[in-house]
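Comments concern the structure below.
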Amino acid sequence: MKNWSNRLTGPSPESRCEAHGRWITRLALVVIAALVLSIIGFLLCRGSRLFLTGEGTLSAFLLGTNWDPGHQAFGAAPMIVTSLFVTLLAGLLALPLALAVALATTEILPRGAKRFLQPGIELLVGIPSVVYGLVGLTILVPLTRKLLGGTGFGLLTGAGVLFLMVMPTMTSMAIDALEAVPNQLRRASAGLGATRWQTIHRVVLPTARGGILTALIFGMARAFGEALAVQMVIGNAAVMPHGLGSSAATLTSVLTTGMGNTIMNTPENDALWSLALVLLLMSFLFNLATRLVSRKKG
Amino acid sequence: MKKIELQNRLATILILSLAALAALIAGGLVGYLLASGLPHVSWQFLTGSTKSFASGGGIFDQLFNSFYLVVLTLLVAVPLALLAAIYLSEYAKQGPVTTGLRLAIEVLSSLPSIVIGLFGYLIFVLQWRLDFSLLAGAMALTILNLPLLTRACEDALRQVPQLQRQAGLGLGMPKWRVTTKLVLPAALPGIITGAVLSAGRIFGEAAALIYTAGQSTIAVDYANWNPFAPTSFLNPLRPAETLAVHIWKVNTEGLVPDAAAVSSGAAAVLIITILIFNLAARGLGKLLARWLSR
Amino acid sequence: MRNKFFLVLGVALVALLGLGAWQAHGTTKVTKVTNVGSTALQPLVEAAVPGFLKHHPSIHVTVQGGGSGTGLSQVAAGAVDLGSADVFAEQKAGIDASKLTDHIVAVSGIVPVVNPKLGVTNLTSKQLRQIFTGEVTNWKQVGGPDEAITVINRASGSGTRLAFEQLVLKGQSPIKAQEQDSNGTVKQIVANTPGAISYIALPYLDKTVAALKLNGVAATKANITTNRWPLWSYEHVYTRKQASPAARAFVAYLQSPAVQRHLVEAAHYVSVDSMTVRRDANNQLTRVKGGE
């Protein structure tokens, strides 16, 4: 064995291992960051072309209500409003149910319940959106037609399909959030004589609020970006919606429908990329806002 | 006292009935899909290949492609997300950079998959000359799943009690050792849940794959185990249509007379496949956890 | 012990992979031809691949969808060899059609369809135009039952919509209505919605929806070949002016009798050879002698 001095004074295998670990994890993060930034950069670059080439102005794009890219009318307001509204509605419909399932499995039902629930949730996540769209078309559309009259295609049906699609993700994340609440807190609360509801209401929910909000954001983020299923049931007409039953189009549905039919680098195509950019910016603002809210109170 | 008791009981009933409603909706959905699909599933359907205009086509290629793509994607995405999550939860200091990064990753999760698909098409398929291929599809799906996976891994790591880490460090173990030997095995169930959820999303994804992995399958040779041969079923550089893409294609531009039957049958097969895959993944995860903590 | 085992396993795997790569490298070189574009045409082109492979085993053809716009953009940019489209390249702004060569591979009829429970079987051109421009909003105004009309248009920019607007609307702009991209989805929505009307490509017509006659003429192949049924469009495959020999060989195969006689028929398209009229990018009709 040579190099005794090096072996004694140099880095030990353990510390070398440590350095490697730190290096490799950082590398992974850098790769992810590079990917994310390149996508964001790519969208910024593509999405701003419409305005840089002078074919459209930012204010006309954000505030205009007439979307007819074939005739140089790029008003995206109807889609922005619809996307926001449908997403919110779906999130608000899904939250109570997701939370109830999460509370029931973590706080009320015996532990075995979760073993059945988890495969079920994962199953629902894997159903392709086309299938959700078909279910919406054959079940939800006629149902809405009976309830609201009209064609049955519209905001409510779109929100209904999205609700089905995001509920599993939200439930799974809500369960994680509730399970992250330390058991000592529950025991302490029970030891003080609190009922189960009091423990849930006063201790568990406030502690898990950050996680529950994250579940809501992630669920709504998925709803926001969903295209194929919504497109089949929302009526896909790029007009300003005027009621729950009225046809409308979301940012994603217009994007998906138009992408294959337009020629790259024409104003029509650039306008679609601008929609994608709006999508990115809106979810960014949305994320930021929720972060601020949860920090202020938490 | 009585009022509180009543309140407690009412709240419990409310929670349980809402949960039951959710279970009913979900169960009804799965039941409906199985009931309308299973009658069309036969041995011939599972092992046959697709037909262009005639009825009676099968889905074997698509089923295999779905599996292979899930494996390929998880092979890329899980290590990447896990390592990044380890850095974020164990090493990184809280600051504007890490917060910004987390925000960026989360923002990515709401991008519609078609945008990811087009990005993949322009960059991986055209720029990097990967052509329409499983590899390009796997990379697009990696991007799609990174937010959820990174998040799930980080949460799983964070939920390991601080005490376990301190115990390890107190015994003189370096931090990396503590992370791989103590924290990782303890966090494994959470990580597996994340991976399985991602696998579900990969099984079900269509829009991101239409422009990357493609929507047609070349005739492949299932006896050729050489991943570099152009017609081998293992070649990651061949175009491949997955089951979800097939369902989408049959529904949108299918010329076969039995399109509805193929689509609902394929959906039922997909559901059962996911179930089997998830149970297997869980079993494997348990083995892995035992092995890691040895 | 464990580490040694994995080391051996890893070395063996790498060796195997290397051997495979070396072996695959030795086999004959294959030429790749990629077709991107019209999703409606994709099944037909895809079905032609196995027959082509028999004649040219060294040419591997990949057929992908993506839409006519994508097909034209990508073939013009040189990213793919073949771009299929259901519009003339001249009709798409932003494409330099002079750089491309047009190969017409089939003719597709376009047929208006309604919900089968409606009971309407015939419309005049004027009535059809009035429905799609929003002048008529109830079926009883055109002799049907008292039922509101739900118009389902096709995606703006799609070839089917372009042809329909040119041939039916004659320059008037349609009402803002529901837009769907694909024949299959349109069919499902029309089949599930009372009072719905839309139009699809003839090969996609089936019993779930009811086809309309136009001015008493039915959408049949015979009527399309003579232009008595005026709603039809070409299915194009575009190549660049200097296309690769492999791409040219595949296009030639698509236009050969093997495909035109059998596959085109099986897919319910109309063969180009049987047409007695020809239409150009400006919608000018010329008569071709005799057809076939």
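We name chains A, B, ... by the order of the sequence lines, and we start the count at 1 in each one.
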Considering all heavy atoms, the nearest [X]-[Y] contact:
{"X": "B:I15", "Y": "A:A100", "value": "CG2-O, 3.5 Å"}
{"X": "A:P96", "Y": "B:L18", "value": "O-CD1, 4.3 Å"}
{"X": "A:C17", "Y": "B:W176", "value": "SG-CD1, 3.3 Å"}
{"X": "B:P174", "Y": "A:E18", "value": "CB-OE1, 3.5 Å"}
{"X": "B:A104", "Y": "A:I40", "value": "CB-CD1, 4.5 Å"}

Part of [X] lying under 4.5 Å from any heavy atom of chain A:
{"X": "B:L88", "result": "side chain"}
{"X": "B:L101", "result": "side chain"}
{"X": "B:F277", "result": "neither"}
{"X": "B:I202", "result": "neither"}
{"X": "B:F119", "result": "both"}
{"X": "B:T273", "result": "neither"}
{"X": "B:R151", "result": "side chain"}
{"X": "B:N8", "result": "both"}
{"X": "B:L270", "result": "side chain"}
{"X": "B:I143", "result": "side chain"}
{"X": "B:R282", "result": "side chain"}
{"X": "B:S263", "result": "side chain"}

So which part of [X] gets closer than 4.5 Å to some heavy atom of chain B, the side chain, the backbone, both or neither?
{"X": "A:L27", "answer": "neither"}
{"X": "A:L123", "answer": "both"}
{"X": "A:L109", "answer": "side chain"}
{"X": "A:F163", "answer": "side chain"}
{"X": "A:M282", "answer": "neither"}
{"X": "A:L99", "answer": "neither"}
{"X": "A:A33", "answer": "both"}
{"X": "A:L117", "answer": "neither"}
{"X": "A:T214", "answer": "side chain"}
{"X": "A:T138", "answer": "side chain"}
{"X": "A:L281", "answer": "neither"}
{"X": "A:V101", "answer": "both"}
{"X": "A:I217", "answer": "neither"}
{"X": "A:S172", "answer": "side chain"}

Any non-hydrogen side-chain atom of [X] less than 4.5 Å from a side-chain atom of [Y]?
{"X": "B:L103", "Y": "A:F284", "result": "yes"}
{"X": "A:T195", "Y": "B:Q7", "result": "no"}
{"X": "A:W197", "Y": "B:L10", "result": "no"}
{"X": "B:Y91", "Y": "A:L29", "result": "no"}
{"X": "B:L122", "Y": "A:R46", "result": "yes"}

Reported [atom1]-to-[atom2] distance for the pair [X] and [Y], which is rounded to 0.5 angstrom:
{"X": "A:S129", "Y": "B:R201", "atom1": "OG", "atom2": "CZ", "value": "9.0 Å"}
{"X": "B:T252", "Y": "A:M232", "atom1": "OG1", "atom2": "CE", "value": "9.0 Å"}
{"X": "B:L80", "Y": "A:T25", "atom1": "CG", "atom2": "OG1", "value": "11.5 Å"}
{"X": "A:I32", "Y": "B:L146", "atom1": "CD1", "atom2": "CG", "value": "4.5 Å"}

Legend entry - Heavy-atom pair count under 4.5 Å with chain A, highest-scoring of B:P147, B:G117, B:A19: B:A19
Inset, instruction - Would you mind telling me which of B:I123, B:I247, B:L29, B:D155 has the largest number of heavy-atom pairs within less than 4.5 Å of chain A? - result: B:L29
Which one of [options] has the most heavy-atom pairs closer than 4.5 Å to chain B?
{"options": "A:V31, A:D176, A:T169, A:L228", "answer": "A:L228"}
{"options": "A:L255, A:I139, A:I121", "answer": "A:I139"}
{"options": "A:I108, A:I24, A:T87", "answer": "A:I108"}
{"options": "A:L43, A:L37, A:V30, A:I200", "answer": "A:L43"}
{"options": "A:S38, A:G126, A:A104, A:G260", "answer": "A:G126"}
{"options": "A:R196, A:R26, A:R22, A:H20", "answer": "A:R26"}

Legend entry - Exceeds 12 heavy-atom contacts within 6.0 angstrom, atom CZ of A:F116: no
Inset, instruction - State whether the number of non-hydrogen atoms from other residues, nucleotides or ligands found under 6.0 Å of A:R16 atom CZ is greater than 12. - result: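 Yes, because the 6.0 Å sphere around CZ of A:R16 holds more than 12 heavy atoms from other groups.
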Legend entry - B:Q159 (side chain) donor-acceptor with A:A180 (main chain) under 3.5 angstrom: no
Legend entry - Identified side-chain contact (heavy atoms from CB on, under 4.5 Å) counterpart of A:V125 within the set B:V196, B:I274, B:L197: B:L197
